[in-house]
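Have a look at the structure below, then the notes.
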Amino acid sequence: MPKVKKLTEILANKIAAGEVVERPASAIKELCENSIDAKSSRIIVEIENGGKNLIRVSDDGIGMSVEDAKLAVERYATSKIYNEEDLFCIKTLGFRGEALPSIASVSKFTLITREKDKPFGFKISIEGGVIKDACEIGAPIGTTIEAKDLFFNIPARQKFLKTTDTETGHITDTITSFALGYYDKSFLLIHNKKEAKNFPSATTQIERVKDILKIANSEDLYQIKADAPDAFVTGWTASPDYYKTGSKGIYIFVNGRFIKDRKINYAIFQGYKGRLMKGNFPIAVIFIKVPFQQVDVNVHPAKQEVKFLREKQVMSAISEAVNSALKAGEKILISKYQNINTDQAPTIAPSFEKKTEQKYQNARRPFVYSANDYAAEDIDYVNRQNELSEPPAYYGKTAQKNIMPDTEKHPDIKVIGQFLKTYIICEKDNEIILIDQHAAHERILFEKLKNKEKTSATASQRLLIPEVLETGFAEAEAIKSLMPDMLKIGLEIEPFGKNTFAVKAIPAFLSEKQTAPIILDVAEQLIEKGGGKQIENVLDSTLILIACHGAIRANKELSETEMKAIIFELFKCEIPLKCPHGRPTLIKMTQKEIEKLFKRIN
Ligand code: ADP
Ligand code: MG
C-alpha cells in the first residue's frame, strides 16, 4: 500500500491557515486587505474577547456576485492574478487566494456580500471548512465577513492564543498601520461593543500621521519627497527630538503594503545619522513606490516582507530621502536665527566682490579673539585671511566657495551671557535659547574634520618633538590600520619600533598634551568595533572622538566674541542641532511657555 496520500482540501486549508492565520490580528489583516482591494472607503472591525470569540470585518466595497462568493471560499481562488506574468507584477494586497478558505477552515465563518447593482445579497456559512448554508439575503452594499471561535476545531492552536489584552494590542497595531497607509479611508475598531479606535477619513495625510504618531505640532514632522530612479519615496520623519527605544515608531509601506524590513530600518537610521543618541530609534512613516515588476511580494507567508530587485538603489534612495527631509526641516528651524538666508546668498562674482568683502570684514570682526583659548576657530580664521590675501594659483570655483560662503549669513541672535560656564544663553524675538558650548563645538569640529577629510586639506601642526607612544600589541595593530585615514585629517603617526609610534603632527586645534590620550582612545575604539567592513562608521566615530577631545569643555568661561563665534560656526554646520553623538546642541523656550509657567496665561 502506498504511504503517500493526497491531503483532503479541508486539511490542506487548515495547514495553510497555520501560515496565514497565526492569531486574530492576522485574520483581520487579511480581511482588511481584501476590503481595501475591493475599493472600500469605510472599514469596520468588530471583535469580542480580543478576537478570540468574534471577528467581524464589514466594508462598503464592490462586493461579490453569487458565483464569485462561492468560488472565493475555495482554495486558490482569486480575482487578483490570473497567470504567472501577473504574479511578478502584483498591484493588489492579496493575490494567493488563500485567506478566505484558510480562515473558514479554522472558525465558524459567515460571508455576506452584495454588489452595487444587485437587489439582493448572498450569504454563505461555513464551519471548520464545511459549507453549512448558502442563500440569498437582504444586505447593504459591500461585504461583511465574520469568523467566530477561531481555532475551535484545533485546540492545539487555540492554546497558543494570548490574553485578550495582548491579542487586542496586536489587532490595534494592525488597524493602526492600515489607517496610516490609507488616510482617506475610515477605520473603526469596536471591542466588546465599545469603540476602541476610530480613524475618520482624513483629507490630508499629515492629519492621520500626526494623530497616529502622537505628534501634535506639524513643525516637528518633516516631509519626505524624493524621486530617485528606482524608488519614489514619500512620507514623514519626526524631528529627532522624538524617538523610541525600539523600531515600533517606524512604519514602512511598499506600494501600499505595510511591511517590516530591517534593511529599510537601517536605511532610515542612516538617514538620521548623527542626529540620534545611541540606542534611540527614529519615528517615521515611509511610503516607497517601486515599479511593480521590481519588487517580489511573494516571499513571506503573511506577506510582511518583500524583496527588491534593485535593493541597494532603493536603500540609498531611502537614506537620501530621509536625510534631505531632516536637513530641510533643520534649515527652516535655524533660518529664523539668521538674518539672511543662505539660499539667497549670491555666488561670488567680481562685480560685487568688494561689497561682499566689506560685509565679510564686518561679519568677521566680532569673531577675532585671543589665541589658544579657541584654537580651531582662530586657525580657521587665519587660514581664511591668508586665503583672502593670497589666492592660490588654481583659484577655481571651489576655492572661492570655501573662502566666502558665510559672508551673507550670520546669526541674528543676541547673546545674553553664559550659565554655569557651560551654556550660552541667547535671545531671539520671543525665544530664549540655551546652547551647550561643548556639544556645539564638538559638532563644529566634527564637521570640519569630516569635510577636510574629504578634501585632504587639514590644517596640521608639526610637533617640535615627536610624541613617542608605546602601546599593547592589539592597539598597535589598530593604529597601523588607521594611519592613512588619520593622515588625511592631519594626524601623522609613524611606526617607531615594536608597538611604538611617533606622532609627528596633529590636527591644529588639538593641544600637544592631548595627543597621547586621543591616539590611545582611538585605538581602543578600533579594537572594540573592529575595522574592516564598517570602516566608514569606525572613521566617523574616530573623528567624533577627536572632535570631543578638541572641543571646549563645559565649565570654561567664554568671552562674548567666543560665544558669538560658536554660534556663527554652529549655524554653518550641516546638522547644527545635534552634536555628533546625537545630543542636542540647542534648546529653547518660547515666551508662551515661560508665560505659562508664570501663570500669566493658561
Ligand atoms: P486573495 O485576496 O488573495 O485574492 P482571498 O481568499 O483573500 O484571496 O479572497 C478571495 C477573493 O474573494 C478575492 O480575490 C476577491 O475577489 C474576493 N473577496 C474577498 N474579500 C472581499 C471583499 N471584502 N470584497 C470584495 N471581494 C472580496
Ligand atoms: Mg486576500
Side-chain angles (χ1 to χ4, degrees), residues 9-10 12-22 25-46 55-84 86-107 109-118 121-126 129 131 134 137 139-147 174-175 178 181-182 185-188 255-258 292 296-304 306:
E9 176 153 344
I10 292 182
N13 283 336
K14 277 189 186 175
I15 291 171
E19 294 198 316
V20 182
V21 191
E22 188 196 345
S26 29
I28 288 173
K29 173 182 177 278
E30 292 291 338
L31 297 176
C32 287
E33 284 186 354
N34 283 342
S35 296
I36 291 169
D37 283 342
K39 303 185 170 50
S40 313
S41 56
R42 179 185 48 76
I43 297 168
I44 300 171
V45 179
E46 293 161 87
I55 290 168
R56 187 186 294 128
V57 177
S58 327
D59 67 47
D60 59 353
I62 57 171
M64 284 172 259
S65 67
V66 175
E67 300 71 45
D68 280 351
K70 283 181 184 163
L71 264 176
V73 293
E74 280 184 32
R75 192 132 192 247
Y76 304 133
T78 178
S79 58
K80 298 170 193 174
I81 59 171
Y82 295 124
N83 53 44
E84 195 176 321
D86 293 344
L87 181 58
F88 295 99
C89 186
I90 286 170
K91 302 182 173 105
T92 48
L93 296 175
F95 53 87
R96 289 193 187 129
E98 277 185 339
L100 295 189
S102 298
I103 298 170
S105 73
V106 294
S107 69
F109 177 98
T110 309
L111 179 158
I112 297 173
T113 188
R114 187 186 136 202
E115 289 181 303
K116 198 166 82 190
D117 50 2
K118 296 282 162 61
F122 176 72
K123 170 178 157 178
I124 184 163
S125 306
I126 302 173
I131 296 181
I137 190 175
I141 293 165
T143 304
T144 295
I145 290 175
E146 196 178 88
T174 302
I175 305 289
F178 278 117
Y182 298 87
K185 302 187 189 304
S186 75
F187 294 86
L188 178 64
N255 292 349
R257 181 187 306 281
F258 176 67
F292 294 113
D296 190 352
V297 295
N298 191 22
V299 293
H300 185 274
K303 299 172 286 180
Q304 281 167 7
V306 300

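Both counts, for ligands and for their atoms, begin at 1 and track the order of listing. Values below: every heavy atom of this structure, side chains too, minus hydrogens, waters and symmetry copies. What you are looking at is a predicted structure, and each value in this text was computed from that prediction instead of being measured.
Per-residue contacts place Arg96 under 4.0 angstrom from the following atoms of ligand 1 (heavy atoms of the residue considered): 3 (O). Short contacts between ligand 1 and Gly94, defined as distances under 4.0 Å to a heavy atom of the residue, involve ligand atoms 2 (O), 3 (O). Distances below 4.0 Å separate heavy atoms of Phe95 from the following atoms of ligand 1: 1 (P), 3 (O).
Side-chain contact check for Leu100 versus Leu31: some heavy-atom pair is nearer than 4.5 Å. Put simply, the side chain of Lys303 does not reach to within 4.5 Å of the side chain of Ile90, judged on heavy atoms. Phe95 places a side-chain heavy atom less than 4.5 Å from the side chain of Leu87. In this structure, Arg75 and Glu98 have side chains that are in contact, with non-hydrogen atoms separated by less than 4.5 Å.
What sits closest to atom 22 (C) of ligand 1 on the protein, heavy atoms only, is Thr143 OG1, 3.7 Å. Nearest protein heavy-atom neighbour of atom 3 (O) of ligand 1: Gly97 N, 2.7 Å. Among all protein heavy atoms, the one lying closest to atom 23 (N) of ligand 1 is Asp59 OD2, 2.9 Å. Remark: minimum distance from atom 12 (O) of ligand 1 to any protein heavy atom is reached at Ala72 CB, 3.2 Å. The closest protein non-hydrogen atom to atom 6 (O) of ligand 1 is Leu100 N, 3.0 Å. Given atom 2 (O) of ligand 1, the protein heavy atom at minimum distance is Lys80 NZ, 2.7 Å. Of the protein's heavy atoms, Asn34 ND2, 2.8 Å lies nearest to atom 7 (O) of ligand 1. Looking from atom 15 (C) of ligand 1 to the surrounding protein, the closest heavy atom is Ser79 OG, 3.4 Å.
Looking only at distances, a side-chain donor or acceptor of Ser40 sits under 3.5 Å from a matching main-chain atom of Ser35. Counting only distance, with no hydrogens or angles, the side chain of Arg56 and the backbone of Glu146 share no donor-acceptor pair below 3.5 Å. Without hydrogens or angle criteria, Thr174 side chain to Lys29 main chain gives no donor-acceptor distance under 3.5 Å. The backbone N or O of Gly142 lies less than 3.5 Å from no partner atom in the side chain of Asp59, so there is not a single donor-acceptor pair. Judged by distance alone, the side chain of Lys39 and the main-chain N or O of Ile62 form no donor-acceptor pair under 3.5 Å. When atom types are taken as modelled, the side chain of Arg114 and the backbone of Ala139 share a donor-acceptor pair closer than 3.5 angstrom.
Residue-level proximity to ligand 1 for Glu30 is absent, since no heavy atom of it falls below 4.0 angstrom. In Asp68, neither the side chain nor the backbone holds a heavy atom less than 4.0 Å from any atom of ligand 1. Residue Ala38 touches ligand 1 through its side chain alone, judged by heavy-atom distances below 4.0 Å. For Ala77, every heavy-atom contact with ligand 1 shorter than 4.0 Å involves the backbone, none the side chain.
None of Asp37, Thr92, Asp86 except one satisfies the side chain to side chain donor-acceptor pair (under 3.5 Å) rule with Lys80; the exception is Asp37. With Phe122 as the partner, the side chain to side chain contact (heavy atoms under 4.5 Å, CB included) test is satisfied by one option alone out of Lys70, Glu67, Met64: Lys70.
Closest heavy-atom contact between Pro301 and Arg96: O-NH1, 2.8 Å. The two residues Pro101 and Ala72 have their closest heavy-atom pair at CD-O, 3.7 Å.
Checking Thr78, Thr144, Thr92 against atom 4 (O) of ligand 1, the nearest heavy atom belongs to Thr78. Heavy-atom proximity to atom 21 (C) of ligand 1, evaluated over Arg75, Glu98, Met64, is greatest for Met64.
Under 2.8 Å from the Mg ion (ligand 2), one finds the following protein N/O/S atoms: Asn34 OD1.
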(message) Between Phe109 and Val73, is the side-chain contact (heavy atoms from CB on, under 4.5 Å) condition met? List the steps.
(response) CA-CA 10 Å; Phe109 177 98; Val73 293; 3.9 Å; yes
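The shortest N or O to N or O distance between Ala99 and ligand 1 is below 3.5 Å.
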